[in-house]
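Worksheet for the structure shown next.
Values reported hereafter were calculated over all heavy atoms of this structure, with side chains retained and with hydrogens, waters and symmetry mates removed. The structure displayed is predicted, hence computed values, not measured ones.
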Amino acid sequence: MNWSCLVCLVLLSLVWHCPVIYSSPMTRTPDTGSQIEVDCPSSCVFPPFLNSPSPTNDSEDQVELKMTSRELNPKFYEASRAGQAIQHYINTVHGSPFRLYTVTQVHKARAEDMGESGMKYILEFSVKDIVGESSEGQCSAEVLYPRGETQRPPQVQCSCDGLPRLNTTDKEEAFYQQYSVNTNAVTASSIPDSYGHMEPDMVHFWHLGRLAASFIMLNESNENTLYNMAQVSKIKQLMSEDDQLNFEYEVLLHDMISQEIIRWKLLITWSPARSVKVVESELLPRCRCN
């Protein structure tokens, strides 16, 4: 091989590259339509402990798993997302201002393609009441994300072996009595503030907001989202009716995948006998962080 050919080969190798294939989870930009953007409270600066850690994203291993096996690494995005949806579901069923659940660890995860019905995820995991600081309970659940042009919430079926349920009846009744006869309606903002601080008498209102937001986060969840509540930006107590405490909340939700801060206004009711209910919900203009 002469020198001119060798030089041509070297130059060709410098400009010829194989295409790089990325296999990260797809992101979905919320359909905000004609919504305007507004400045967010606290400039979107939230305490680090409020935001769940980002799920592990090993692109090469995810490609291998999807191509060869239905078993999922419990630390991967798919398992984390399904676990978060299950957490929202458990809180909508069993939560209270004095009982708030979190999925502490996913032990096993498996995916099943159900064809036109959607994608099903089967998980075994540990769950804990972080308010009562209970011991962990062991649970299993199935999460089906429906397919179709219309957004539909995931369908969750969950069973637990000894779900930790501390007796909070007395605390709930005392909380209810205190604010059902409260002559000064509760109003507050930025719970917690940008430094993670909240006044002690606001803690249970924060829990109440997280429970109400669980209904929204579960309803809005799909295979391209991972919601966590970031802040109660506003709260206002309304007149009590039908033995229910009524509140208007404005909450900021953080989608860990798109990194969007999404605002919702919620009209909620609560009593120890009827638990938390979201009477009305409204998606507000999305935040513009300064």
Side-chain angles (χ1 to χ4, degrees), residues 30 36-56 80 83-84 87-88 91 95-105 127-134 168 171-172 174-175 178-179 182 184-217 220 225-238 245 247-268 270 276 278 281-290:
I36 61 172
E37 289 188 346
V38 298
D39 292 334
C40 287
S42 307
S43 299
C44 299
V45 180
F46 304 116
F49 72 86
L50 294 179
N51 293 325
S52 304
S54 299
T56 302
S80 300
Q84 196 79 343
Q87 176 178 302
H88 299 324
N91 278 318
S96 87
F98 296 88
R99 189 187 302 121
L100 196 63
Y101 292 99
T102 186
V103 172
T104 56
Q105 184 179 358
V127 65
K128 181 179 181 178
D129 174 7
I130 58 175
V131 178
E133 298 183 353
S134 68
T168 60
K171 294 179 180 179
E172 291 179 9
F175 182 78
Q178 177 181 355
Y179 291 100
N182 189 16
N184 296 320
V186 174
T187 58
S189 61
S190 299
I191 307 172
D193 62 21
S194 299
Y195 301 98
H197 175 76
M198 68 178 81
E199 296 297 328
D201 59 350
M202 289 290 108
V203 171
H204 299 301
F205 289 104
W206 158 253
H207 297 160
L208 190 61
R210 286 191 63 175
L211 292 178
S214 292
F215 288 87
I216 302 300
M217 291 187 285
E220 295 295 312
T225 62
L226 185 63
Y227 286 113
N228 188 49
M229 180 159 149
Q231 188 182 57
V232 172
S233 59
K234 295 179 184 177
I235 179 176
K236 179 172 66 173
Q237 184 177 6
L238 307 177
L245 298 183
F247 300 94
E248 183 179 275
Y249 270 79
E250 186 177 307
V251 298
L252 301 185
L253 308 182
H254 182 199
D255 181 6
M256 303 290 289
I257 304 304
S258 68
Q259 293 301 313
E260 289 275 346
I261 300 296
I262 304 170
R263 301 192 309 147
W264 283 83
K265 182 166 71 174
L266 310 176
L267 178 61
I268 72 172
W270 177 82
V276 182
V278 179
S281 61
E282 178 186 356
L283 177 61
L284 299 176
R286 65 181 180 180
C287 289
R288 177 181 62 237
C289 299
N290 298 323

Task: Evaluation steps, side-chain contact (heavy atoms from CB on, under 4.5 Å), between W206 and M229 - done: CA-CA 10 Å; W206 158 253; M229 180 159 149; 3.5 Å; yes
Open item on the list: Please check: side-chain N/O of Q259 versus main-chain N/O of M256, any donor-acceptor pairing under 3.5 Å?
Closed with: yes
Open item on the list: Under a 3.5 Å distance rule, please check whether D129 uses its side chain to pair with a backbone N or O of L100 as donor and acceptor.
Closed with: yes
Open item on the list: Taking the six-membered ring for Trp, are F175 and W270 closer than 6.0 Å centroid to centroid?
Closed with: yes
- [ ] Only counting residues at least two apart or in another chain, list the ones meeting side chain to side chain contact (heavy atoms under 4.5 Å, CB included) with Q178.
- [x] none
TODO: Given side-chain contact (heavy atoms from CB on, under 4.5 Å), test F205 with Y249 step by step and report yes or no.
DONE: CA-CA 10 Å; F205 289 104; Y249 270 79; 3.6 Å; yes
Open item on the list: Against F247, only a single residue in L238, L267, I268 fulfils side-chain contact (heavy atoms from CB on, under 4.5 Å); can you say which?
Closed with: I268
Open item on the list: Can a side-chain donor-acceptor contact be found between E260 and H254 if the only test is distance below 3.5 angstrom?
Closed with: no
Task: Results of side chain to side chain donor-acceptor pair (under 3.5 Å) for E199 - residues two or more places apart only - done: H197
Open item on the list: Restricting to ring pair (Phe, Tyr, Trp, His ring centres under 6.0 Å), what partner residues turn up for F215, sequence neighbours left out?
Closed with: none
Task: Residues forming a side chain to side chain donor-acceptor pair (under 3.5 Å) with T102, sequence neighbours excluded - done: Q87
Task: M202 and V186: CA distance, side-chain angles, deciding distance, side-chain contact (heavy atoms from CB on, under 4.5 Å) verdict - done: CA-CA 10 Å; M202 289 290 108; V186 174; 3.9 Å; yes
TODO: Over 60° means perpendicular and under 30° means parallel, so classify the ring planes of F98 and H204, tilted if in between.
DONE: tilted
TODO: Check whether any side-chain heavy atom of Y227 lies under 4.5 Å from a side-chain heavy atom of I216, and answer yes or no.
DONE: no
Open item on the list: Once side chain to side chain donor-acceptor pair (under 3.5 Å) is applied, do any residues pair with E172, and if so which ones, sequence neighbours excluded?
Closed with: S96, T168
Task: Contacts of type side chain to side chain contact (heavy atoms under 4.5 Å, CB included), residue V203, not counting sequence neighbours - done: M198, H207
TODO: Report yes or no: does R99 contribute a side-chain atom to a donor-acceptor pair with the main-chain N or O of V131 at less than 3.5 Å?
DONE: no
